[in-house]
Amino acid sequence: MKNLPRSFYTRPALLVAKDLLGKTLVRKIGRVTLSGTIVEVEAYCGAKDPASHAYRGRTKRNEMMFREGGYLYVYFTYGMHFCANVVTGKNNVGEAVLIRALEPVCGIEVMKKNRGFAKTVGATHTLTNGPAKVCQAFGIERKENGTDLLGNKVYLMAGESITKSSIGTSGRIGISRGKEKKRRFFVKGNKWVSG
DNA sequence: CGACCGATTGACT
DNA sequence: GTCAATCGGTCGG
């Protein structure tokens, strides 16, 4: 299997967001491989979007968002959580797509260990149904900020194809500004989608 | 420098 | 349903 090419990421965030549904996120930690199918995302559109970290221009924190597409932007929030974004668009644009939820595929036992879950068989939907949960399960922290998705630590592969009719759209979650914009996309009926 | 608040979660009433 | 946890970015003085 092969990484998605740079050209997948250098398009506008809204297009990349919809195309990310059904793709497989892969994370390698030493010899361990974790993977999952993306089922929920949100687009954050640079300087034009009041909810985006890039809205107030380039800073040390959001620098990564201004790279060309295909890098990981990880930020720390609420004093205890990390969220992972896929940087999109061309250099200096400042767009990204937040990975909000995914369906675990490989390495479920390791994800449970990372999340502090008991060693039971199978996965429960609370394992990865939220942006900070995905990061915790996949071991994505501050040092993963800036990871090149064309490398072999964190990357994406083509996965299931999602038909247009099974993609749901809504306003974004957990923000106060730009709430009305329909920039959240999810796979309808998938139990891993966050509530 | 101090106050305020956030792309969240989990525990508790 | 409500609320604390906990810290770094941002803005006002």
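Keep in mind it's a predicted model, so treat the numbers as computed, not measured. Every chain is numbered from 1, with letters handed out A, B, ... down the list of sequences.
- Ring centroid separation for the pair His81(A) and Phe76(A) does not come in under the 6.0 Å cut-off.
- A distance of 6.0 Å or more separates the ring centres of Tyr71(A) and Tyr73(A).
- Contacts of Phe76(A) with the nucleic acid, taken as non-hydrogen atoms under 4.0 Å apart, involve only primed sugar atoms and P, OP1 or OP2.
- In this structure, Leu98(A) places its CG atom 16 Å from P of dG6(B), rounding to the nearest Å.
- Comparing Met80(A) and Arg142(A) by the nucleotide of DNA chain C whose heavy atom lies nearest to each, the residue mapping closer to the 5' end is Met80(A).
- Across dA7(B), dT10(C), dT9(B), the shortest atom-to-atom separation from the side chain of Tyr44(A) is found for dA7(B).
- Rounded to whole angstrom, the span from the CZ atom of Phe82(A) across to the P atom of dT6(C) amounts to 14 Å.
- If you measure from atom NZ of Lys60(A) to atom C1' of dT10(C), you get 16 Å, rounded to the nearest angstrom.
- Side-chain contact of Ser194(A) with Glu40(A): a donor-acceptor pair under 3.5 Å is present, judged by distance alone.
- Here, dG1(C) and dA7(B) have their C1' atoms 23 Å apart, quoted to the whole Å.
- Look at CZ on Arg61(A): it is 12 Å from P on dC11(C), rounded to the nearest Å.
- Not one N or O on the side chain of Ser52(A) forms a donor-acceptor pair closer than 3.5 Å with the backbone of Asp49(A).
- Rounded to an integer number of Å, the gap from His125(A) NE2 to dT9(B) P is 12 Å.
- dG1(C) is paired with dC12(B) under the criterion used here, namely a Watson-Crick or G-U wobble arrangement in which both key atom distances are under 3.5 Å.
- Sorted by residue number, the members of residues 46-53 of chain A with any non-hydrogen atom under 4.0 Å from DNA chain B read Ala51(A), His53(A).
- For the pair Asn129(A) and Ser176(A), both in contact range of DNA chain B, the more 5′-proximal nearest nucleotide belongs to Ser176(A).
- As rounded to whole Å, 8 Å separates atom P of dT9(B) from atom CZ of Arg115(A).
- If you check distances only, the side chain of Tyr75(A) does reach the base of dA7(B) with a donor-acceptor pair under 3.5 Å.
- Atom OH in Tyr78(A) sits roughly 13 Å away from atom C1' in dC4(B) (whole-Å rounding).
- Considering only side-chain atoms of Met65(A), the nucleotide from dC11(C), dT8(B), dA7(B) that sits closest is dA7(B).
- Pairing partner, dG6(B): dC7(C), with both Watson-Crick or wobble hydrogen-bond distances short of 3.5 Å.
- Contact between the side-chain N/O atoms of Arg177(A) and the OP1/OP2 oxygens of dA7(B) is not found at any separation under 4.0 Å.
- Note on Arg183(A): nothing from the nucleic acid sits closer than 4.0 angstrom, heavy atoms only.
- Nucleic acid contact class of Lys133(A) (heavy atoms, under 4.0 Å, all strands): sugar-phosphate only.
- Side-chain contact annotation: Thr120(A) with Lys112(A), donor-acceptor N/O pair under 3.5 Å present.
- Within the 4.0 angstrom heavy-atom criterion, no nucleotide atom of any strand lies near Arg172(A).
- Within the cation-pi definition used here (under 6.0 Å to the ring centroid, within 45° of the axis), Arg11(A) does not qualify as a partner of Tyr9(A).
- A cation-pi arrangement is present between Arg184(A) and Phe186(A), with the terminal nitrogen or guanidinium carbon under 6.0 Å from the aromatic centre and inside a 45° cone about the axis.
- Atom C1' of nucleotide dG8(C) and atom CG of Asn62(A) are separated by 14 Å, given to the nearest angstrom.
- Side-chain proximity of His81(A) to dA7(B), dT9(B), dT10(C): nearest is dT9(B).
- A side-chain donor from one of Arg58(A) and Asn92(A) sits under 3.5 Å from a side-chain acceptor of the other.
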